[in-house]
S.K.: 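This structure is in structure tokens; I'll ask about it shortly.
Since the structure is predicted, the reported quantities are computational estimates derived from the model, not experimental observations. Only this structure's heavy atoms are used, side chains among them; waters, hydrogens and symmetry mates stay out.
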Amino acid sequence: MKKPAILDVDAILDDPGTRIIVCCGAGGVGKTTTAAALGLRAAERGRCVVVLTVDPARRLAQSMGLTELDNTPRLVSSPEGDGQLYAMMLDMKRTFDEIIEAHADPVRARQILSNPFYQSLSSSFSGTQEYMAMEKLGQLRRSDEWDLIIVDTPPSRSALDFLDAPERLGRFLDGRFIRLLTAPAKAGGRSAFRLLNAGFGLMAGAMTKLLGAQVIKDLQTFVSALDAVFGGFRQRAEMTYKLLQAPGTAFVVVAAPERDAMREASYFVERLAEERMPLAGLVVNRVHTSPAPALSAARSAAAAEELESRGEHELTAAVLRLHAGRMQLTARESREQEHFVSAHPTVPVVQVRAMSEDVHDLTGLRQIGELLASA
């Protein structure tokens, strides 16, 4: 089978026209490490970089030698070279609060921030984390303080959630029940409870019994107060979406050489093509290799069996068994990658071999960066 094109990581990092890199893929495939390694390598090659992570495990802070990350970019003290590296971790609720404070007058902002429905929405509504990641990306880009922004997308159930979040939040805001609750504010100030009783007596009675009048009032107050802010949400989401489609953005899909992760990568590549978003290529992480690839799994297993049958060289037989297992794993990983390449022959690919231990410092990140670029 024809080999895929090689993903030239340094060419992307060195291009001053590259302003945003989005690392995406299934959960647990090494997106955070890849994003941090790309950021460090770009900084050491002269770029002024900020890495935005939304990984709650805080591995990025540890690997960069920082005691903590929060919603403010923090300078990483020791990249080699002429560039600068900043890192931050998305605080979903704080980002939502900042949007409210920036786009509502002080009285309305206080009403929204203290409302129990807002507190629930800003902390746990499905898609809020992905939406706020896009909001923060837009803020960083508009500030123009960094010439490269690298985004580590949320560890979602599906890698597509990052692209779907604005539409999903928009559907919630445009939902029939939400429109019903905003109607009083638009119709002269009648309360939601009165409107519901006037036009929808049965539903209002059932909801009041189920939720209570105060809950209905809190919900109506929340939606009415947010009504003037929602338009800005949609407008900024559309602007960020266009930013992701524009020249200067590069999507790097990250996968492990496993069936589910490669399938998710394939879905994401297809979705990016549908949305006309610029795909740089695929990073296949944690690829296993063997120091003796010429010795097949079958030959190794046969030799081990022969030694075991004679009761000789038990240690050698054990090593041969381990080698046979490694060769079988390598073959499985190769097949999964071949399936992807067959489906997407024009997508550039780079492999990063599996490390003997987890990355926990800048030296480890630097090594990952070298592996990304070495192909």
Side-chain angles (χ1 to χ4, degrees), residues 5-25 31-32 34-54 60 73 76 79 81-88 90 95 130-154 159-167 234-254 265 268-283 344 346-350 369 372-373 375:
I6 300 299
L7 176 60
D8 190 341
V9 169
D10 282 348
I12 297 169
L13 299 179
D14 293 345
D15 183 357
T18 303
R19 302 297 304 274
I20 297 171
I21 295 175
V22 181
C23 295
C24 50
K31 293 193 303 288
T32 301
T34 299
L38 289 172
L40 179 61
R41 188 167 182 84
E44 293 184 343
R45 297 173 73 86
R47 303 293 298 269
C48 182
V49 188
V50 60
V51 177
L52 167 63
T53 182
V54 288
L60 180 63
V76 177
D82 298 329
Q84 289 184 309
L85 177 61
Y86 292 79
M88 63 182 297
L90 178 74
T95 300
E130 289 84 359
Y131 181 86
M132 289 303 138
M134 295 190 77
E135 278 276 359
K136 183 56 69 174
L137 170 60
Q139 291 176 14
L140 293 171
R141 186 65 184 87
R142 288 190 295 272
S143 74
D144 208 28
E145 293 181 41
W146 299 273
D147 60 32
L148 178 60
I149 303 166
I150 299 180
V151 182
D152 161 37
T153 54
L160 302 180
D161 287 349
F162 182 68
L163 295 180
D164 288 334
E167 181 182 355
R234 294 188 186 89
Q235 183 181 26
R236 288 190 305 281
E238 290 172 4
M239 290 173 60
T240 303
Y241 212 74
K242 290 177 181 176
L243 183 64
L244 292 175
Q245 292 175 315
T249 296
F251 278 84
V252 173
V253 179
V254 184
F268 207 98
V269 165
E270 292 164 8
R271 174 66 184 276
L272 291 172
E274 289 175 9
E275 302 291 338
R276 289 183 250 175
M277 292 188 173
L279 172 66
L282 172 72
V283 172
H344 308 285
T346 62
V347 175
V349 178
V350 64
L372 283 165

S.K.: Between Asp147 and Arg47 (salt bridge meaning N to carboxylate O under 4.0 Å), is one present in this structure?
M.R.: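 Yes, this pair counts.
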
S.K.: Closest approach of Val9 and Ala373, non-hydrogen atoms and distance?
M.R.: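 Heavy atoms only, the tightest pair is CB-CA, 4.4 Å.
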
S.K.: Measuring from atom OG1 of Thr95 to atom CG of Leu137, what distance do you get when rounded to the nearest 0.5 angstrom?
M.R.: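 So the gap between those two atoms works out to 11.5 Å.
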
S.K.: Looking only at heavy atoms, which two atoms of Val347 and Gly281 are closest? And how far apart?
M.R.: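 Of all heavy-atom pairs spanning Val347 and Gly281, the closest is CG1-CA, 4.0 Å.
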
S.K.: Under a 3.5 Å cutoff, is there a donor and acceptor pairing between the side chains of Gln245 and Lys242?
M.R.: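 No, no side-chain donor-acceptor pair sits under 3.5 Å.
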
S.K.: Could you grab the distance from atom CG of Leu7 to atom CD1 of Ile12, nearest 0.5 Å is fine?
M.R.: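 Result: 4.5 Å between the selected atoms.
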
S.K.: Assign the ring pair Trp146 / Tyr86 to parallel, tilted or perpendicular, where the plane angle (0 to 90°) is split at 30° and 60°.
M.R.: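 Trp146 vs Tyr86 ring planes: perpendicular.
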
S.K.: Enumerate the residue pairs fulfilling salt bridge (charged side-chain N to carboxylate O under 4.0 Å, His left out) with a member in residues 273-283, sequence neighbours excluded, ordered by first and then second residue.
M.R.: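 Qualifying pairs, neighbours excluded: Arg271-Glu275.
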
S.K.: How many angstroms lie between CD in Gln139 and CD in Glu145, if you round to the nearest 0.5 Å?
M.R.: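 The distance works out to 11.5 Å.
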
S.K.: For the residue pair Thr34 and Cys23, what are the closest heavy atoms and their distance?
M.R.: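 Minimum heavy-atom separation between Thr34 and Cys23: CG2-SG, 4.3 Å.
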
S.K.: Give me the atom names and distance for the closest heavy-atom approach of Ala246 to Pro278.
M.R.: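 Scanning both residues completely, I find the closest heavy atoms to be O-CG, 3.9 Å.
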
S.K.: Start with the C-alpha gap between Thr18 and Leu13, add the side-chain angles, then the distance that decides, and say whether side chain to side chain contact (heavy atoms under 4.5 Å, CB included) holds.
M.R.: CA-CA 7 Å; Thr18 303; Leu13 299 179; over 6 Å; no

S.K.: Any chance you could lay out the side chain to side chain contact (heavy atoms under 4.5 Å, CB included) test for Val51 and Val76, step after step, and finish with the verdict?
M.R.: CA-CA 10 Å; Val51 177; Val76 177; over 6 Å; no

S.K.: Could you give the distance from NZ (Lys136) to CG (Leu90), rounded to the nearest 0.5 Å?
M.R.: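 Here the interatomic distance stands at 7.5 Å.
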
S.K.: Taking Thr53 for the side chain and Thr32 for the main chain, is one N or O donor matched with an acceptor at less than 3.5 Å?
M.R.: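 Side chain of Thr53 to backbone of Thr32, a donor-acceptor pair under 3.5 Å: no, none is there.
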
S.K.: Looking at Val252, Val269, Val253, which one forms a side chain to side chain contact (heavy atoms under 4.5 Å, CB included) with Leu282?
M.R.: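 The passing option is Val253.
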
S.K.: Please list all pairs passing the salt bridge (charged side-chain N to carboxylate O under 4.0 Å, His left out) test where one or both residues lie in residues 8-19, with sequence neighbours left out.
M.R.: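 For residues 8-19, and leaving out neighbouring residues, the salt bridge (charged side-chain N to carboxylate O under 4.0 Å, His left out) pairs sorted by first residue read Asp10-Arg41, Asp10-Arg45, Asp14-Arg45, Arg19-Asp144.
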
S.K.: Taking all non-hydrogen atoms of both residues, which atom of Gly138 and which atom of Thr240 are closest, and how far apart?
M.R.: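 Distance-wise, the nearest heavy atoms are CA-OG1, 4.0 Å.
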
S.K.: If you round to the nearest 0.5 Å, how far is CG of Leu140 from CG of Leu52?
M.R.: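 Atom-to-atom, Leu52:CG and Leu140:CG are 6.0 Å apart.
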
S.K.: Using a 3.5 Å distance criterion without hydrogens, assess whether the side chain of Thr249 forms a donor-acceptor pair with backbone atoms of Leu243.
M.R.: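 Judged by distance alone, yes, a pair lies under 3.5 Å.
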
S.K.: With distance as the sole test, does Lys31 use its side chain to make a donor-acceptor pair with the main-chain N or O of Val254 at under 3.5 Å?
M.R.: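 Pair absent, no side-chain N/O of Lys31 close to backbone of Val254.
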
S.K.: Which heavy-atom pair separates Thr153 from Gly25 by the least distance, and what is that distance?
M.R.: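 Heavy atoms only, the tightest pair is OG1-N, 4.4 Å.
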
